[in-house]
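Written out below as structure tokens is the structure these notes cover.
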Amino acid sequence: MEQQKIDEFNHQHIKDHQRKFNFVAEDVAKLDDVLQKLQAFNIAIPSWALGTGGTRFGRFSGGGEPRNLEEKISDVGMIHALNRSSNSISLHIPWDIPENATAIKAHAAQYGLHFDAVNSNTFQDQKDAKLSYKFGSLHHTDKAVRDQAIAHNIEVIKYGVELGSNALSVWLSDGSNFPGQLNFRKAFQNTLDSLQQIYAALPDDWKVWIEYKPFEPNFYSTTIGDWGQSHLLASKLGKKALTLVDLGHHLPNTNIEQIVSLLLMEQKLAGFHFNDSKYGDDDLTVGSINPYQLFLIFNELVEGMDARGLNHATGIGWMIDASHNVKDPIEDLIQSVEAIKIAYAQALLVDTKALVDAQNDNDVAKAQEILQTAYRTDVRPLLAEARLRAGGALSPIALYREGAVRANLIKQRGEKTQATGL
């Protein structure tokens with residue numbers, strides 16, 4: 001997306017934007033500070049989300065999917081050019097192995113991108129693997145299988161070092177489908193022993209992020225099933241180990257905002273995999289189902305990060321993790337980034353002093369009014385102004401569609417292409 005096209009688009013819509021922005025900005029305290037924070041706040045795009053996802057029953061390609069890592073990086077570059085809020089990419093190994101790290105880094109730099117956390121994959125058997133992960137990986141009863149999974153994670157760290165990353169994200173599908181299938185204590189101890197070996201291979205400035213999930217693909221137990229189990233592992237490993245929160249990896253009605261508040265208090269919150277869900281791990285567009293919960297999470301994050309003196313943009317990790325089954329993946333990712341930043345902007349508008357006073361006075365109704373006043377503020381003009389100042393588009397999806405980008409990608413790549421890892 002050429003900057004000239006973005007500028008021309010913005011020029012066509014500037015009057016309407018200015019009217020909306022002026023209306024909202026009039027009531028925003030410390031407006032320049034809010035806009036600066038919005039400009040600085042970026043969310044990493046996962047390489048696997050550039051292709052059309054699927055379900056256990058089928059997958060319906062949208063056409064023009066990136067055929068290799070270079071094309072995935074180009075798609076992320078497109079997103080970042082439009083929203084100026086997606087300046088990094090997170091790779092899943094071995095779906096996206098960088099054969100020439102120097103060339104890949106240079107390609108990403110052309111779009112103003114760098115590499116976020118690298119993700120290992122022991123939840124499926126890889127080509128030419130000697131041993132199977134059918135019954136688990138880091139928790140497996142067979143030491144040889146555990147050693148294979150450990151070696152893979154250490155290899156992923158090596159790729160990450162070459163790319164300039166500084167974090168390894170570990171999610172395990174390890175678990176059981178039936179009572180009696182697994183000894184819970186031994187499985188957890190095997191997982192800890194395996195993670196200790198991976199932890200020992202981390203460079204000094206690296207972190208390992210331990211993700212959790214209550215069910216699927218195993219439906220009786222998962223070895224790292226909730227935030228407590230992840231936090232226990234991270235605490236036993238050391239300061240470089242942290243808990244990663246995936247918003248979809250919770251049972252219905254879980255109070256995620258309380259979880260992140262306590263993890264942040266304990267300095268054990270790695271960051272987020274953003275998505276949304278209705279029933280289970282749906283990996284839906286962020287904010288499409290429960291935007292109020294997303295706002296409440298960010299309210300706790302802003303308050304907790306400010307209490308610790310952390311930079312909002314860099315203090316923890318921010319990344320999308322979703323599967324786009326029926327939408328254009330690029331449009332879906334643009335919508336997700338927008339939803340995340342809307343919730344963040346609303347949290348910045350909370351009158352924290354008044355909220356603390358209401359809490360201390362046990363004034364429940366006032367506390368609710370303070371939160372909902374911020375939540376019900378239409379902050380989209382603030383985000384648009386932040387994008388405008390950073391060189392992005394006032395309306396990223398509108399410009400994306402106006403430029404017929406997907407149609408052009410189909411012409412370049414074909415109608416039946418499939419992204420790696422899907």
| remark: Rounded to the nearest 0.5 Å, the CE atom of Met265 sits from the NZ atom of Lys268 at a distance of 13.5 Å
| query | Any cation-pi pair here, Lys240 with Tyr199, using under 6.0 Å and within 45°? | reply | yes
| Within 6.0 Å of CD in Glu99, more than 12 heavy atoms from elsewhere | no
| Could you state the interatomic distance from NE2 (His273) to NE2 (His249), rounded to the nearest 0.5 Å? | 8.5 Å
| said: Between Ser176 (side chain only) and Tyr220 (backbone N and O only), is there a donor and an acceptor less than 3.5 Å apart? | reply: no
| request: Would you tell me whether Glu266 and His231 have side-chain atoms, one donor and one acceptor, within less than 3.5 Å of each other? | output: no
| field | Check: Tyr344 ring centre within less than 6.0 Å of His312 ring centre | value | yes
| field | Stepwise side chain to side chain contact (heavy atoms under 4.5 Å, CB included) test for Leu182 and Thr223 | value | CA-CA 10 Å; Leu182 193 68; Thr223 299; 4.1 Å; yes
| query | Does the salt bridge (Lys or Arg N to Asp or Glu O under 4.0 Å) test come out yes or no for Asp142 and Arg146, once each step is laid out? | reply | CA-CA 7 Å; Asp142 187 343; Arg146 300 199 300 272; over 6 Å; no
| What heavy-atom pair brings Leu301 and Leu264 nearest, and what distance separates the two atoms? | O-CD2, 3.8 Å
| said: Is the shortest side-chain heavy-atom distance between Leu195 and Leu138 below 4.5 Å? | reply: yes
| request: Check whether any side-chain heavy atom of Asp378 lies under 4.5 Å from a side-chain heavy atom of Pro381, and answer yes or no. | output: yes
| message | Just checking Trp318 against Phe41, ring centres under 6.0 Å apart? | response | yes
| message | Donor-acceptor check, side chain of Ser288 to backbone of Leu284, threshold 3.5 angstrom: yes or no? | response | no
| query | So how far is it from Trp171 CH2 to Thr222 OG1, rounded to the nearest 0.5 Å? | reply | 9.0 Å
| Strictly by modelled atom types, are Glu211 and Trp227 linked by a side-chain donor-acceptor pair under 3.5 Å? | no
| Going by atom types alone, do Asn325 and Ser323 pair a side-chain donor with an acceptor below 3.5 Å? | yes
| field | Steps toward side chain to side chain donor-acceptor pair (under 3.5 Å) verdict (Glu303, Thr352) | value | CA-CA 8 Å; Glu303 190 276 336; Thr352 53; over 6 Å; no
| For Asn253, does the CG atom sit with more than 12 other heavy atoms under 6.0 Å from it, leaving out its own atoms? | no
| request: Check whether any side-chain heavy atom of Leu399 lies under 4.5 Å from a side-chain heavy atom of Asn10, and answer yes or no. | output: no
| task | Check the side chains of Gln197 and Asp193 for a donor-acceptor pair under 3.5 angstrom, ignoring hydrogens and angles. | result | no
| note | In short, Leu113 meets Ser86 closest at the heavy-atom pair CD2-O, 3.4 Å
| Asn362 and Gln359: side-chain donor and acceptor closer than 3.5 Å? | no
| message | Using a 3.5 Å distance criterion without hydrogens, assess whether the side chain of Gln148 forms a donor-acceptor pair with backbone atoms of Leu131. | response | yes
| field | Polar side chain donor-acceptor pair, Glu65 to Thr52, under 3.5 angstrom | value | yes
| message | Any salt bridge linking Asp281 with Lys213? Criterion: basic side-chain nitrogen under 4.0 Å from a carboxylate oxygen. | response | yes
| task | Could you tell me which non-hydrogen atom of Thr122 sits nearest to which non-hydrogen atom of Ala149, and how far apart they are? | result | CG2-CB, 3.9 Å
| query | Hey, are Asn119 and Ser90 close enough side-chain-wise for a donor-acceptor pair under 3.5 Å? | reply | yes
| said: For Ile256, is there any backbone N or O sitting under 3.5 Å from a side-chain donor or acceptor partner on Thr254? | reply: no
| task | Check the side chains of Ser120 and Asn153 for a donor-acceptor pair under 3.5 angstrom, ignoring hydrogens and angles. | result | yes
| Heavy atoms of other groups near Lys5 NZ, more than 12 under 6.0 Å | no
| query | So, Trp48 versus Asp321: side-chain donor-acceptor pair below 3.5 Å or not? | reply | yes
| query | Side chains of Asn177 and Asn218: is there a donor and an acceptor less than 3.5 Å apart? | reply | yes
| query | Side chains of Ile104 and Leu163: does their closest heavy-atom pair fall under 4.5 Å? | reply | yes
| Mind checking whether Phe123 and His92 have ring centres under 6.0 Å apart? | yes
| message | Aromatic contact between His250 and Tyr212, with the criterion being ring centroids under 6.0 Å apart: yes or no? | response | yes
| request: Look up atom CG in Asn190 and atom OG1 in Thr141, then write down how far apart they are to the nearest 0.5 Å. | output: 8.0 Å
| message | Determine whether a donor-acceptor pair (N or O, by modelled atom type, separation under 3.5 Å) exists between the side chain of Asp276 and the backbone of Asn290. | response | yes
| Is Gln258 atom CD crowded by more than 12 heavy atoms from other residues, nucleotides or ligands, each under 6.0 Å away? | no
| task | Take Val379 and Leu382 through the side chain to side chain contact (heavy atoms under 4.5 Å, CB included) test and state the conclusion after the steps. | result | CA-CA 5 Å; Val379 296; Leu382 300 180; 4.2 Å; yes
| said: Would the distance check show the side chain of Asp96 and the main-chain N or O of Leu69 forming a donor-acceptor pair, the cut-off being under 3.5 Å? | reply: no
| field | NZ/NE/NH1/NH2 to OD/OE distance under 4.0 Å, Glu385 and Arg84 | value | no
| query | Is the CZ atom of Arg406 crowded by more than 12 outside heavy atoms at less than 6.0 Å? | reply | yes
| request: Consider only side-chain N and O atoms of Asn408 and Gln412, and report whether a donor and an acceptor are under 3.5 Å apart. | output: no
| What pairs meet the salt bridge (Lys or Arg N to Asp or Glu O under 4.0 Å) rule with one or both residues in residues 329-346, with sequence neighbours excluded? | Lys327-Asp332, Glu331-Arg401, Glu338-Arg387
| field | Heavy-atom side-chain contact between Ile93 and Asn121 under 4.5 Å | value | no
| query | Would you say Asn275's side chain and Val286's backbone share a donor-acceptor pair under 3.5 angstrom? | reply | no
| Taking all atoms of both residues into account, what is the closest heavy-atom pair of Phe115 and Ile73, and its distance? | CZ-CD1, 4.0 Å
| message | Are more than 12 heavy atoms, taken from residues, nucleotides or ligands other than Glu2, located less than 6.0 Å from that residue's CD atom? | response | no
| Just checking, any donor-acceptor pair under 3.5 angstrom between side chains of Tyr133 and Gln126? | no
| field | Separation between CG of Asp246 and OG of Ser169, rounded to the nearest 0.5 Å | value | 9.0 Å
| Ring centers of Tyr111, His107 separated by less than 6.0 Å | yes
| Would you find a donor on one side and an acceptor on the other, under 3.5 Å apart, between the side chain of Gln346 and the backbone of Tyr375? | yes
| said: Taking Asn83's backbone N and O only, do any of them form a donor-acceptor pair with Ser85's side chain (distance below 3.5 Å, no angle check)? | reply: yes
| request: List the atom of His139, the atom of Gly175, and the distance in Å for their closest heavy-atom pair. | output: CE1-N, 3.2 Å
| task | I would like to know whether Tyr400 and Asp328 meet side chain to side chain donor-acceptor pair (under 3.5 Å); could you show each step before the answer? | result | CA-CA 11 Å; Tyr400 175 82; Asp328 179 328; 2.7 Å; yes
| message | Has Ser165 got a side-chain atom pairing as donor or acceptor with Val161's backbone, closer than 3.5 angstrom? | response | no
